[in-house]
2 protein chains.
Amino acid sequence: MSESAPKFRREPAEHRKEALIQATISLVAERGVAGATVREIAKQAEVTQGLIRHYFSTKEELIMAAFEHHMRHMTNLTAAPVAGIHISHKARLAAFVVTGLKPPVATPRFISLWAGFLNKVRNDAQMRVIHEKTYYDFRDRLEALIKNALIEANKPATPTQLRRLAIACNAVIDGLWLEGGALPSAFKPNELPEIGLASVGAIVGLDLDDPGDLS
Amino acid sequence: MSESAPKFRREPAEHRKEALIQATISLVAERGVAGATVREIAKQAEVTQGLIRHYFSTKEELIMAAFEHHMRHMTNLTAAPVAGIHISHKARLAAFVVTGLKPPVATPRFISLWAGFLNKVRNDAQMRVIHEKTYYDFRDRLEALIKNALIEANKPATPTQLRRLAIACNAVIDGLWLEGGALPSAFKPNELPEIGLASVGAIVGLDLDDPGDLS
DNA sequence: TCTATTATTATACAAATGTATAATTATCGA
DNA sequence: TCGATAATTATACATTTGTATAATAATAGA
């Protein structure tokens, strides 16, 4: 018995940061911002609380990192399925809408996370920057999809029109996402994606239910 | 100098409750849920902190009362302008949309409040009940407006269609409200109400920009 | 193998928070 | 005018919180 089990392991810095960020996200989602204390975060990440300060000089810094991480994750979840594959632009737009209104994006968990973080956006300039960036990124992607779908249908729109269509469609998606996540019991399965397709279709003037021409 | 100035005044219970609720709302709006501590609430309401427990047996009870109060207030703000007055049903629907997308409803303050409270909805059954009630109340009013406007235009819809239209229009309004309140700088003056009218109009199949027939 | 580095744990601390209880005092009715 | 009631203040207390510092030990490199 000359050798005793090591009391801890040194992990690569990025692993630990990632674990702490994931723990933070998990706690904000499940117990709200108030539940995300340094001690609970450390417990969830399976480290002692002192280690947090080794990687993040303050708790706010960790919260911000988690916010940024989650927002990027969410945009990727929605945008990824429509990138790369070779389908019509209309089908791309439809896929984008549907993806944002199904799990895992449209879930109580994501709503909680978003509401928890948003609460801090008001009083923190850096949080506001992240929020702003995420918003424009999402809306710009949507605008590009709409633009291409309209050109494809031989109904091109002016920049001003496109801007307004993107704002409106973004609102429909956000609103349905919110309703579904905040009160899941109020909707039937698949109802939200269906309503999303019909509404975005009505706004931009395309029939998104029609699968259309797959190239 | 036999008489000294009274050290405090006894107020009617409802006044004090109202003051405490208003103080809570104000703090949640401006400093987030974390800023709404019993001491700050008491200071804002100009009482000492012990008094809070005299009217609310726990802090959660006060928060809930504030949530309910604010939600009722918000629904009233949106619904009141369209009640009573004698205009066409289409104009009523249009007014409802516009009111929800202008100050004081569509403001950063209201978004902060809403996000702050929503954060507690996830883990508190009573908060969930209030949220649910408010949501259905708002959506039902909207559905009634849509129904009447469609009948008026000789385009009656089935209950299933109406339900979906109400969900979709509610989403547009909520989404635009959210976008505008969370990032006011991203929109031009009046842009949100205009987009709201155009989008809701496109979804239900009515031209809401047209003032229509005033009865 | 040994040493320096630093990741990690362990402990401490002051401030803030919700709640509880005791002490005052404004105010109403007799 | 005076005593009873309860609205209000004053004080206390145990917990929790974020942060800071000291102690330990895993691990890479010489």
Side-chain angles (χ1 to χ4, degrees), chain A residues 1-24 27-28 31-67 116 119-120 123-124 126-127, chain B residues 1-24 27-28 31-67 116 119-120 123-124 126-127:
Chain A
M1 294 285 250
S2 61
E3 306 259 325
S4 60
K7 298 190 174 173
F8 58 84
R9 267 184 42 200
R10 294 191 170 194
E11 295 280 342
E14 286 314 308
H15 280 201
R16 278 276 136 90
K17 282 196 171 191
E18 172 78 15
L20 289 169
I21 285 173
Q22 287 299 345
T24 305
L27 280 165
V28 172
R31 299 190 218 166
V33 274
T37 67
V38 288
R39 283 165 180 81
E40 284 300 316
I41 293 170
K43 190 189 293 180
Q44 184 110 350
E46 294 182 306
V47 296
T48 54
Q49 63 152 317
L51 195 60
I52 290 181
R53 249 182 75 76
H54 188 76
Y55 290 107
F56 300 92
S57 66
T58 187
K59 187 194 170 185
E60 288 309 305
E61 204 178 289
L62 170 54
I63 296 279
M64 264 188 40
F67 181 42
N119 201 236
K120 307 213 165 216
N123 297 288
D124 187 315
Q126 298 185 74
M127 293 283 281
Chain B
M1 293 285 253
S2 60
E3 305 260 324
S4 61
K7 297 187 173 171
F8 58 84
R9 267 184 40 201
R10 294 190 171 195
E11 295 278 344
E14 287 313 309
H15 281 200
R16 277 275 135 90
K17 281 197 172 188
E18 172 78 14
L20 289 169
I21 286 173
Q22 286 300 344
T24 305
L27 279 164
V28 172
R31 300 190 217 166
V33 274
T37 68
V38 288
R39 284 166 180 79
E40 284 299 317
I41 292 169
K43 191 189 294 180
Q44 185 111 352
E46 296 183 304
V47 295
T48 53
Q49 65 152 319
L51 195 59
I52 290 182
R53 248 181 75 76
H54 188 76
Y55 289 107
F56 300 93
S57 66
T58 187
K59 186 193 171 185
E60 289 307 307
E61 202 177 291
L62 170 56
I63 296 278
M64 264 188 38
F67 181 42
N119 201 235
K120 308 214 162 214
N123 297 288
D124 186 316
Q126 300 186 70
M127 294 283 282

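Residue numbering restarts at 1 for every chain, and letters A, B, ... go by the order of the sequence lines. None of these values were measured; they are calculated from a predicted model.
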Separation of atom CD1 in B/Ile41 from atom C1' in C/dT19, rounded to whole Å: 14 Å
CA sep, side-chain torsions, deciding dist, call: B/Ile21, B/Phe56, side-chain contact (heavy atoms from CB on, under 4.5 Å): CA-CA 10 Å; B/Ile21 286 173; B/Phe56 300 93; 4.2 Å; yes
A/Gln49: partners by side chain to side chain donor-acceptor pair (under 3.5 Å), with sequence neighbours left out: none
Set of residues satisfying salt bridge (Lys or Arg N to Asp or Glu O under 4.0 Å) with respect to B/Arg31, sequence neighbours excluded: B/Glu40
Residue pairs, two or more places apart or on separate chains, that pass side-chain hydrogen bond (donor to acceptor under 3.5 Å, both in side chains) and touch residues 58-67 of chain A: A/Ser57-A/Glu61
With sequence neighbours excluded, residues passing side chain to side chain donor-acceptor pair (under 3.5 Å) with B/Gln22: B/Glu18, B/His69
Distance, rounded to the nearest Å, where A/Phe56 contributes CZ and C/dA7 contributes C1': 15 Å
Protein-nucleotide distance (A/Lys43, atom NZ; D/dT17, atom C1'), rounded to Å: 14 Å
Rounded distance (Å) that lies between atom C1' of C/dG18 and atom CD of B/Glu40: 14 Å
Separation of atom CG in A/Leu27 from atom P in D/dT17, rounded to whole Å: 11 Å
By side-chain contact (heavy atoms from CB on, under 4.5 Å) - contacts of B/Ala36 (at least two apart): B/Leu27, B/Val28, B/Ile41
N/O (side chain, B/Thr58) to phosphate O (OP1/OP2, C/dG18) under 4.0 Å: no
Using atom names, set out every protein N or O paired with an N or O of nucleotides 8-12 of chain D below 3.5 Å, distance rounded to 0.1 Å.
| from | atom 1 | to | atom 2 | distance (Å) |
| --- | --- | --- | --- | --- |
| D/dT8 | OP1 | B/Arg9 | O | 3.1 |
| D/dT8 | OP1 | B/Glu11 | N | 2.6 |
| D/dT8 | OP1 | B/Arg16 | NH1 | 2.5 |
| D/dT8 | OP2 | B/Tyr55 | OH | 2.5 |
| D/dT8 | O5' | B/Arg16 | NH1 | 3.3 |
| D/dT9 | OP2 | B/Thr48 | N | 3.0 |
| D/dT9 | OP2 | B/Thr48 | OG1 | 2.8 |
| D/dT9 | O5' | B/Thr48 | OG1 | 3.2 |

